[in-house]
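Notes follow once the structure below has been shown.
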There are 2 protein chains.
Amino acid sequence: MTQRRGRFPTREELRIWRDFIETTEALRAAMAARLQSESGLSTGDYSVLLALTEAENGRLRSSELAATIGWERSRLSHHLGRMDRRGLIRRENCTSDNRGAEAVLTEEGAAAFHRATVPHLRAIRELFVDGLTPAQIRAAGDLAAALGDHLILDREKEENL
Amino acid sequence: MTQRRGRFPTREELRIWRDFIETTEALRAAMAARLQSESGLSTGDYSVLLALTEAENGRLRSSELAATIGWERSRLSHHLGRMDRRGLIRRENCTSDNRGAEAVLTEEGAAAFHRATVPHLRAIRELFVDGLTPAQIRAAGDLAAALGDHLILDREKEENL
DNA sequence: GGAATATAATTGACACGTCAATCATTTCCG
DNA sequence: CGGAAATGATTGACGTGTCAATTATATTCC
């Protein structure tokens, strides 16, 4: 086998890269559109509502919420502002740490999440599961694990310059 | 084997879905960040510049450009506006159809694209190719094809309601 | 105790994407 | 020919994401 590492991608690798990134992007957009039209929620809303629903008392510190769903703090801050305006959550001050803030699920937020759940699960099946064989689904999990691990390694390398 | 189709995703399918969508999103973001920091271009800029570079005379009708890179018209229009402001392209009227517009690659745009190419190819190798085995790369191409075909079918079903 | 530092969160500026509305021109066809 | 419909493209409004700067409170340590 010829040397590969350290060289530019081959034509075939490039083709696969483009296909892969464009298709996953289209999949993301399709799912976002489904969720929006069926439930009036964005995927961001859904992530936040899911995390709060699973949290004790439907409330979480901002930073914990950010960690749970893997968002940057400022992104979450902007998003909570929008969700607050729509009445899906409300913000409260944290009693134990006056710097902190808590996001609290409202009745309306809980209701919106429950209305969204079934259609969203159906969309995951229709757009993702139904399009793949069981072997391909396993391959998708495998790929995600490999790419994710590799991204982390790459980030660490970056930081230790 | 038990009946699957028409049911909600299993726990395992759901885990893989989340892993897959989050990881591909992280990959997209990492690539965008690399391109931005190394070349001062967004991935959108890169797509547009690539299409124009490969086009005859470095110019394309707006609608053809949109079709080439698979964008909606209004998205392209906004993006060309931003690229125009930065001097990467300029707009000209189409002589054969007065409704039409052409996007033309500028010297500056061509130069920016050439500066970006090598680092971008390197990033594709480092973030994608190097993280996967050859079999996994084939699996990625396979997945993209299957998901893409399925998305198209789903869209058609949607339209023929 | 109190200054230096670290941490929690928000804000503002700006790029990006989508949708619906709009405008100009061309094509279709009676 | 001439008006209706189709086409090419732009625009405005708004939600979203990132980065850098800012604000407020806690912690550290002399």
Side-chain angles (χ1 to χ4, degrees), chain A residues 22 25-37 39-48 59-104, chain B residues 22 25-37 39-48 59-86 88-104 155:
Chain A
E22 277 167 22
E25 169 58 19
L27 178 60
R28 198 201 52 69
M31 186 60 71
R34 282 277 297 249
L35 193 54
Q36 184 69 57
S37 74
S39 313
L41 296 178
S42 69
T43 57
D45 296 337
Y46 192 87
S47 296
V48 168
R59 65 172 57 220
L60 272 177
R61 282 287 293 270
S62 259
S63 48
E64 289 179 33
L65 178 49
T68 302
I69 61 184
W71 284 13
E72 293 192 6
R73 252 99 108 23
S74 97
R75 178 182 177 186
L76 180 62
S77 203
H78 283 298
H79 205 91
L80 290 181
R82 292 186 292 263
M83 293 181 75
D84 192 352
R85 247 187 285 136
R86 292 192 289 150
L88 296 173
I89 59 117
R90 68 172 185 281
R91 285 154 138 154
E92 288 185 7
N93 287 340
C94 178
T95 50
S96 63
D97 184 337
N98 281 317
R99 290 169 304 187
E102 281 184 331
V104 187
Chain B
E22 277 167 22
E25 169 58 20
L27 178 59
R28 196 201 53 70
M31 186 60 72
R34 281 277 296 251
L35 193 54
Q36 185 68 60
S37 73
S39 313
L41 297 177
S42 68
T43 56
D45 297 335
Y46 192 88
S47 295
V48 168
R59 67 171 56 222
L60 273 177
R61 283 286 293 270
S62 258
S63 48
E64 290 179 33
L65 179 49
T68 304
I69 60 183
W71 285 12
E72 292 192 7
R73 251 96 104 25
S74 95
R75 178 182 177 184
L76 181 60
S77 202
H78 283 297
H79 205 90
L80 290 181
R82 291 187 291 264
M83 291 181 76
D84 193 352
R85 248 187 284 135
R86 291 192 289 149
L88 296 172
I89 59 118
R90 69 171 184 283
R91 285 154 138 155
E92 287 184 8
N93 288 340
C94 178
T95 51
S96 63
D97 185 337
N98 282 316
R99 289 169 305 186
E102 281 185 331
V104 188
R155 177 140 353 126

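A, B, ... follow the sequence lines: proteins, then strands. Residue 1 opens every chain.
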Practice item. Name the nucleic acid region contacted by B/R91, choosing base, sugar-phosphate or nothing; use a 4.0 angstrom heavy-atom cut-off, strictly under. Key: sugar-phosphate
Exercise for review: Measure the distance from CZ on B/R75 to C1' on C/dA20 and round it to the nearest whole Å.
Suggested key: 18 Å
Revision key, fill the gap. In whole angstroms, the gap separating P of C/dC14 from NE2 of B/H79 amounts to 17 Å
Review point. Could one point to a donor on the side chain of B/S74 or the base of C/dC19 with an acceptor on the other under 3.5 Å away?
Key: yes
Exercise for review: Measure across B/E92 and B/V104 and return the closest heavy-atom pair with its distance rounded to 0.1 Å.
Suggested key: CD-CG2, 3.9 Å
Practice item. Walking along DNA chain D from 5' to 3', note the first and the last nucleotide with an atom under 4.0 Å from a heavy atom of chain A, and give both. Key: D/dG15 to D/dA26
Check your understanding: Within this structure, what is the CD-to-P distance between B/E72 and C/dC16, rounded to whole angstrom?
Key -> 16 Å
Review point. Looking for any heavy atom pair under 4.0 Å, which part of the strands does A/S77 touch: base, sugar-phosphate only, or nothing?
Key: base
Point to revise | For the student: nearest non-hydrogen atoms of A/S62 and A/L80, plus distance | key: OG-CD1, 3.8 Å
Practice item. Take the protein atom CD1 of A/I89 and the nucleotide atom P of C/dA9, then report the distance between them rounded to whole Å. Key: 13 Å
Check your understanding: Distance check: side-chain N/O of B/R73 vs OP1/OP2 of C/dT18, anything under 4.0 Å?
Key -> no
Exercise for review: Please tell me if the side chains of A/H79 and A/D45 come closer than 4.5 Å, counting only heavy atoms from C-beta onward.
Suggested key: yes
Practice item. Please state how far atom CG in A/L35 lies from atom P in C/dT18, giving the value in whole angstrom units. Key: 16 Å
Review point. Is B/R82 touching bases, backbone alone, or none of the nucleic acid, heavy atoms closer than 4.0 Å?
Key: base
Point to revise | Contact summary for A/A103 and A/L65, nearest pair of heavy atoms | key: CB-CD2, 4.1 Å
Check your understanding: A/L76 or A/A29: which one's nearest nucleotide on DNA chain C is closer to the 5' end?
Key -> A/L76
Check your understanding: Would you call B/V48 and B/L88 a side-chain contact if the rule is heavy atoms closer than 4.5 Å?
Key -> no
Practice item. Would you mind reading off the distance between B/R85 atom CZ and C/dA13 atom C1', rounded to a whole angstrom? Key: 13 Å
Review point. With side chains defined as the heavy atoms from C-beta onward, is the minimum distance between A/R28 and A/M31 less than 4.5 Å?
Key: no
Review point. Of all of residues 92-103 of chain B, which get a heavy atom below 4.0 angstrom from DNA chain D, listed by number?
Key: B/R99, B/G100, B/A101
Point to revise | Interatomic distance, B/I69 CD1 vs C/dC16 P [rounded to whole Å] | key: 12 Å
Revision key, fill the gap. Closest heavy-atom pair, A/C94 versus A/R61, reported as atoms and distance to 0.1 Å, is SG-NH1, 3.4 Å
Study note, to complete from the structure: From CD of A/E64 across to C1' of C/dA9 the rounded distance in Å is 14 Å
Check your understanding: B/R91 and B/S77: side chain to side chain contact (heavy atoms under 4.5 Å, CB included), yes or no, with the steps?
Key -> CA-CA 10 Å; B/R91 285 154 138 155; B/S77 202; 3.7 Å; yes
Review point. Which heavy atom of A/T43 sits nearest a heavy atom of A/L35, and at what distance?
Key: CA-CD2, 3.7 Å
